[in-house]
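Each remark here refers to the structure printed beneath this line.
Just so we're on the same page: letters track the sequence lines, and every chain starts at 1. In this text, all values refer to a predicted model and were calculated from it rather than measured experimentally.
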Protein chains: 2
Amino acid sequence: MITYVQVLLLSTWSTTDTSDLKAVQIRPAWRAQVLKEADPTSEALEDATIQQRIHGRLRTDIMLGRIAPGEPLTIRGLAEKLGVSAMPVREALRRLAAEQAIELLGNRRVRIPIMSVNRFEDLLAARIALESEAAVRALPHITAETIAEMERHDTALDAAMARNDYDQWLAANFAFHRTLYAARPDSIFLPLIESLWLQVGPFLRMALENVGPSYTVDRHVEALQALRERNVMALRIAIEADLRDGITHLGQRLMRLDEALTLPAKHQGRRPKSRKISPPPA
Amino acid sequence: MITYVQVLLLSTWSTTDTSDLKAVQIRPAWRAQVLKEADPTSEALEDATIQQRIHGRLRTDIMLGRIAPGEPLTIRGLAEKLGVSAMPVREALRRLAAEQAIELLGNRRVRIPIMSVNRFEDLLAARIALESEAAVRALPHITAETIAEMERHDTALDAAMARNDYDQWLAANFAFHRTLYAARPDSIFLPLIESLWLQVGPFLRMALENVGPSYTVDRHVEALQALRERNVMALRIAIEADLRDGITHLGQRLMRLDEALTLPAKHQGRRPKSRKISPPPA
DNA sequence: ACATTAATAGTGTGATCACAGTTGACTTGT
DNA sequence: ACAAGTCAACTGTGATCACACTATTAATGT
């Protein structure tokens, strides 16, 4: 008899070290979902540079969690896959690294950053601090059209949730918030907030696929109501509650994970402050 | 090759089906801490890539306001000035653009973003929101050495102010705050905050040269006192007061400076109309 | 047999070149 | 003398190649 463990995938990586092995079944849904080809969005090629298109594509792929953490990302590989030269790809990757979306490790490896309890809590706190402030500062610029567009995104969100389309669910959720914050012209908040989304996206996607959507109370309608009433305090509360509700109990399970994992591996000692992967001993 | 996963334990059950079994290693908070790229603070690294050195140098130059807004920045010009090829320079510029430090205009022009009243107020609000939160979250990790280092930066700040050395004044001020926020390991706040510093830096420098240092009350000693007492509320208040006091009445003179900035740069090209980032599919 | 070493394929970095579009000083026309 | 038109130099973008280094595979030794 074999004991199976249902787990929430946080990250994957590869190595040749075979010490300390345990058997776990991996659900097929976790298999690496590589970039979908022929993404019909194709925001109008316009006159954008190739680097911009590559960047935008990889950006949405990461934000919506279409790229699994641990999946190998190489310049030449992406260039060949996307049918372009290596030049635009490396600039796009450099840009994504500056946005904290990917990590460029020193050993010629690129990966999506690993999620940890501390990092998750920090990301949530930063999102609440920035997004509630951005919402309040966007409030004076809200028009009826803005609210209408947010409502459209909200209905798209419900529809996506109804058919368990996590991809569209995440996209609609981000679009809902983005239209709110982008109402203020020349907002310096949006780039910072989207950097946070890029860091949370891959984890949210995996959490959704394993736990399912967790919105019991629709905070979006509360936010919309606060917008109509021009109620600053209600808006701030709604945004914070939206972020906290949709995420917190994922964070609670994350806590248990940390306990469950630190316990059996206590003999590994404290986590090293800074450790380099040592080259093969000569 | 073996694939490892970092997982969150959700549930366990038993069965006899052994299909689709894979070997994984469960190690909590495992971090492949290979040297990350771009440690922005310490640019004195010896084995860094050329692109990293260029990026770090331009980064501090912008943050301390050594590059005047409107000064022409070209890839080949910087490459020749720094004695390197154009390749590292363009990647460094791309990275700085992603950090909101510079603007890549559509008409083949690069510039430091111009300051406006709205943008300045947004930057101040974002700094307060992020930095006070980062300070509070760093508080549990503060040690005596941290406070000692911050005091050293504070004395350096006073010394720089005494001799009107705005360059060192700004550097010491940023270093003071950075050591505080960096006390929390793996802080995701620091990159976001430094992005804000990069946007405020050029303007602060110009304001200093035109108005002079404006610290009447030293909020840094209050912050240090709050750190020693582990007083969360006092720390938050001190940080916010520090940012607000040091900047606010600079903002009052912002109007005149804004005119002075936009006036001589009339032929710098129009603001890019389509500066928004490509939204994900909705 | 297993660990160690050598070899090979593959990686990011940096340099150089071609190209289309822009800039800005110069030429030209009146 | 002054404005409009012109052209050469310059710009960022993208492609291709060389190089040092790495990780994976294959060969080797004990």
Between atom [atom1] in [X] and atom [atom2] in [N], what is the gap in whole Å?
| X | N | atom1 | atom2 | value |
| --- | --- | --- | --- | --- |
| Ile54(B) | dT13(C) | CD1 | P | 14 Å |
| Leu93(A) | dG12(C) | CG | C1' | 11 Å |
| Arg53(A) | dT13(D) | CZ | P | 13 Å |
| Leu104(B) | dT22(C) | CG | P | 16 Å |
| Glu80(A) | dG10(C) | CD | P | 10 Å |
| Arg111(A) | dT11(C) | CZ | P | 18 Å |
| Ile75(A) | dC19(D) | CD1 | P | 19 Å |
| Arg94(B) | dT13(C) | CZ | C1' | 17 Å |

Should Thr49(A) and Pro88(A) count as side-chain neighbours, where that means a heavy-atom distance under 4.5 Å?
no
Heavy-atom side-chain proximity of Leu93(B) to Leu58(B) below 4.5 angstrom
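Yes, close enough: below the 4.5 Å cut-off.
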So, taking the atom named CG in Asp61(B) and the one named CD1 in Ile112(B), what distance separates them when rounded to the nearest 0.5 Å?
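So the CG of Asp61(B) and the CD1 of Ile112(B) are separated by 9.5 Å.
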Per Ile50(B) side chain, nearest of listed nucleotides dT11(D), dG14(D), dA15(C):
dA15(C)
Closest to side chain of Val110(B), choosing from dG12(D), dT13(D), dG12(C)
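Looking only at side-chain atoms, Val110(B) lies closest to dG12(D).
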Could you run down the sub-3.5 Å N/O contacts of the protein with nucleotides 16-18 of chain D?
none

OP1 or OP2 of dT11(C) less than 4.0 angstrom from a side-chain nitrogen or oxygen of Thr74(A), does that happen here?
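Looking at the OP1 and OP2 atoms of dT11(C), one of them is under 4.0 Å from a side-chain N or O of Thr74(A).
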Between Arg119(B) and Asp186(A) (salt bridge meaning N to carboxylate O under 4.0 Å), is one present in this structure?
no
Applying ring pair (Phe, Tyr, Trp, His ring centres under 6.0 Å), name anything that partners Phe189(B), two or more places apart in sequence or on another chain.
none
Check the orientation of Trp197(A) and Tyr181(A). Use parallel for under 30°, tilted for 30 to 60°, and perpendicular for over 60°.
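Ring orientation, 0 to 90° scale: tilted.
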With Gln51(B), which of Glu91(B), Arg95(B), Arg94(B) fulfils side chain to side chain donor-acceptor pair (under 3.5 Å)?
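The residue from Glu91(B), Arg95(B), Arg94(B) that satisfies side chain to side chain donor-acceptor pair (under 3.5 Å) with Gln51(B) turns out to be Arg95(B).
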Give one of base, sugar-phosphate or nothing for Gln51(A), where a contact means two heavy atoms less than 4.0 Å apart.
sugar-phosphate
